[in-house]
Protein chains: 2
Amino acid sequence: MDVAILIYEGFTALDVTGPFEVLSRLPDARVRFVSATPGMVAADQPGFGLVAEPLESMERPGVVVVSGGSTTTRFLDDEAVLSWLRRTHETSVWTTSVCTGSLLLGAAGLLQGRAATTFWYELDSLRCFGAEPVSRRVVEDGKIITAAGVSSGIDMALVVCDRLQGPAYAQAVQLGIEYDPQPPHDAGSVDKAPAEVVRFMRDNLERAYGPSWARRNYHTS
Amino acid sequence: MDVAILIYEGFTALDVTGPFEVLSRLPDARVRFVSATPGMVAADQPGFGLVAEPLESMERPGVVVVSGGSTTTRFLDDEAVLSWLRRTHETSVWTTSVCTGSLLLGAAGLLQGRAATTFWYELDSLRCFGAEPVSRRVVEDGKIITAAGVSSGIDMALVVCDRLQGPAYAQAVQLGIEYDPQPPHDAGSVDKAPAEVVRFMRDNLERAYGPSWARRNYHTS
């Protein structure tokens, strides 16, 4: 099973490493990072880079994973990326994304009329691509599976394992990465975090990146 | 705050990326991978490598994170690694490990008389270093924090955030990586996974790596 993980300058390290770790454990998996700018690709936090192969090196992956990142919206008109997504989606078994990666699936036209999710801060942006935004950790619609922010790629990849190899296999992979989460707080979603923490993060993100893509481009509320 | 993440050929990708992603979000964080074999260091699954700086480039990190991996036990007598761990531990604020990384802390003599954890398959090996093995996701003893397998580095790093910056900051980071885990199954620990799944994984690990380090070296049960 070939798995292609699409990255670009400014991808988020954990977005791709969760799916990499899980999907590498599929039988006969060949998991590779691919990019329109192959070679060393820098993540959005300094000190982390991954080597990617050219997009053309993976034309018929069984699983496609699209990374999110701080820079995703800069690539929403990158025709090399979008046409590769359309091509690989024709033959993929599962086409997936983590975090803002779903905006790239949207820009490629693959989310028209579909339920999808993304990083909470960009959830409204999915509407601009004809998708129905759903505030859920993992959203499966047909053969497209989108995941919420950053760490949710782990859960999404375990769902892919489950669909491809059945529940016992997915459970074995989960035990192999000892994914029995017990964070010190229960603040991992906008519904669960204290209101002032959500406000703090929203302000931080707005200062760093501006309003969400939808609000910047469509002046939605 | 300087954070040094120790890696070596055969480290596990997700062991280090969880802490990297979380600790990069500390104020003024400088997170770097370091290795006794600097340059490109290959993970234990093909297709993933990270560039590491020499150990000497980080002599007084505030936080030390030791990665686990499929090859950890090969480095238990690597004096360059062990002496760097002893030196940095003298001045660190927190000395931490993920997965089998705690065996390296043990080999460096830092776990004598301390409670610690590691990947479930190697839990008994901690006793060989005078540590008290605890089957828990994150174990804090003095300024040493050890984490269980692979994905538990995320939880451990959030604990470090909490200790350094307080609960609201840790919650903000958790929301930033949207860590609100909802895996498709509840099988992430030996206590929760079905017995046949635990047996399957135990057999798999034994075939791949042999018995645990303790059983190989001390003929414990």
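Naming convention: chains lettered A, B, ... in sequence-line order (proteins, then strands); numbering from 1 in each chain. Since the structure is predicted, the reported quantities are computational estimates derived from the model, not experimental observations.
Proximity to chain A is limited to the side chain of B:M40, based on heavy atoms less than 4.5 angstrom apart. With a 4.5 angstrom heavy-atom cutoff, A:V198 touches chain B via backbone and side-chain atoms both. Contacts of A:Y121 with chain B are absent, with no heavy-atom separation under 4.5 Å from either backbone or side chain. Looking at A:I154, only its side chain comes within 4.5 Å of chain B, counting heavy atoms on both sides. In this structure, the portions of B:V159 lying under 4.5 Å from any heavy atom of chain A include both its backbone and its side chain. Interface remark: B:V138 contributes no atoms to any contact with chain A (heavy atom separation under 4.5 Å).
When each of B:A43, B:A29, B:P46, B:S152 is checked for heavy-atom pairs under 4.5 Å with chain A, B:P46 comes out on top. Your options are B:R137, B:M156, B:E21, B:R136, and the one with the most heavy-atom pairs under 4.5 Å with chain A is B:R137. Your options are B:Q174, B:E196, B:E53, and the one with the most heavy-atom pairs under 4.5 Å with chain A is B:Q174. Note: A:A172 leads A:A172, A:P194, A:A170 in heavy-atom pairs under 4.5 Å with chain B. Contacts with chain B were tallied for A:G149, A:A148, A:A168; A:G149 has the most, counting heavy-atom pairs under 4.5 Å. For chain A, the option among B:P167, B:C99, B:G18, B:A52 with the highest count of heavy-atom pairs below 4.5 Å is B:P167. Note: A:Q45 leads A:R32, A:R25, A:R30, A:Q45 in heavy-atom pairs under 4.5 Å with chain B.
Remark: A:F200 CZ to B:Q171 CD distance equals 11.5 Å, nearest 0.5 Å.
B:F48 and A:F20 have tilted rings, their planes meeting at an angle from 30° to 60° on a 0 to 90° scale.
Heavy-atom proximity under 4.5 angstrom to chain A picks out B:L175, B:G176, B:I177, B:E178, B:Y179, B:D180, B:P181, B:Q182, B:P183, B:P184, B:H185, B:D186, B:A187, B:G188, B:S189, B:V190, B:K192, B:A193 from residues 175-193 of chain B.
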